[in-house]
Trainee: 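Submitted below is the structure of interest, expressed as structure tokens.
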Amino acid sequence: NSIGSLLTLTDVSAAFAGGGVDNAEGAATITNQSPITIASDSISAGAVTITTTDDADFPMLDDDLTVNAGIIVQSTTSSVTLNAGDDAAIGAGALISAPLGVVTINVDAGNTDPGAGAVLLIDSTADIDAASAVFNGAGDNDTFTFRPDDDATSNFPASPLMNTPITVNGFAPATFPGDVLNLDIG
């Protein structure tokens, strides 16, 4: 899309759901009622929002958002928001980038299956490059696993050397054991 406007795709078919979206002059929004896997780069000038809508599917919990290994999801001038109805996974060597904005990843977004927490898993070789990053859970027992962002070692040739401060919000689960934060510092 190069006409300078918002590109919106809603309820994409399983055949398309593996694709990415490029919008050189505007924002890009992808919303799907089922799991979605981003299997090709998605780069836009404006905000990028990718959403799997949460449905009350307990115990299946399959409203997952996956960014495959080596894939780039980027806004060159704005923000990137990933909304997973259940779990979110960012694959090895993937880059989630909003150098002028915020990367937000929401798990259990919608929380229509209360009591069932979600998992955010960011591979230790993936990279988040943004002015800041915010990872949000819901009111259930959620698990966050990621590596603190430290690009000073230049392990990420596809991205600039950009250290990103990360904030995690678990939103006070009411049941034991609560949220879990696993920092991969290995």
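Along the sequence shown, residues carry numbers from 1.
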Trainee: I'd like to check the side-chain hydrogen bond (donor to acceptor under 3.5 Å, both in side chains) partners of Asp123; sequence neighbours left out, ordered by chain and number.
Mentor: Thr125

Trainee: As a test of understanding, state which of Leu120, Val107, Thr167 forms a side chain to side chain contact (heavy atoms under 4.5 Å, CB included) with Phe135.
Mentor: Leu120

Trainee: Applying side-chain hydrogen bond (donor to acceptor under 3.5 Å, both in side chains), name anything that partners Thr51, two or more places apart in sequence or on another chain.
Mentor: Asn83

Trainee: Pro165: which residues meet the side chain to side chain contact (heavy atoms under 4.5 Å, CB included) condition with it, sequence neighbours left out?
Mentor: Ser132

Trainee: Among Val80, Val103, Leu95, find the one that has a side chain to side chain contact (heavy atoms under 4.5 Å, CB included) with Ile128.
Mentor: Val103

Trainee: Does Ala84 have any side chain to side chain contact (heavy atoms under 4.5 Å, CB included) partners at least two apart in sequence or in another chain, and if so, which?
Mentor: Thr52, Leu65, Ala88

Trainee: If you measure only the distance, is there a donor-acceptor pair under 3.5 Å linking the side chains of Thr164 and Asp149?
Mentor: yes

Trainee: Does Leu121 have any side chain to side chain contact (heavy atoms under 4.5 Å, CB included) partners at least two apart in sequence or in another chain, and if so, which?
Mentor: Val119, Thr145

Trainee: Taking only residues two or more places apart in sequence, or in another chain, which ones meet Asn136 in a side-chain hydrogen bond (donor to acceptor under 3.5 Å, both in side chains)?
Mentor: Asn106, Asn169

Trainee: Which residues pass the side-chain hydrogen bond (donor to acceptor under 3.5 Å, both in side chains) test with Asp140, not counting sequence neighbours?
Mentor: none

Trainee: Closer than 3.5 angstrom, by distance alone: can the side chain of Ser44 be matched with the main-chain N or O of Ala27 as a donor-acceptor pair?
Mentor: no

Trainee: Applying side chain to side chain contact (heavy atoms under 4.5 Å, CB included), name anything that partners Ala138, two or more places apart in sequence or on another chain.
Mentor: Asp108, Asn111, Asp142

Trainee: To the nearest 0.5 angstrom, please state how far the CD1 atom of Ile71 sits from the OG atom of Ser40.
Mentor: 6.0 Å

Trainee: Where do Ala98 and Ser78 come nearest, in terms of heavy atoms and distance?
Mentor: CB-O, 3.3 Å

Trainee: Could you pull out the closest heavy-atom pair between Gly91 and Ala126, with the gap in Å?
Mentor: O-CB, 3.4 Å

Trainee: Which residues pass the ring pair (Phe, Tyr, Trp, His ring centres under 6.0 Å) test with Phe144, sequence neighbours left out?
Mentor: none

Trainee: Under a single-linkage rule joining Ile, Leu, Val, Met, Phe, Trp and Tyr whose side-chain heavy atoms are separated by less than 4.5 Å, which residues share a cluster with Val102?
Mentor: Val134

Trainee: With a cutoff of under 4.5 Å between side-chain heavy atoms, which Ile, Leu, Val, Met, Phe, Trp and Tyr residues group with Val180?
Mentor: none

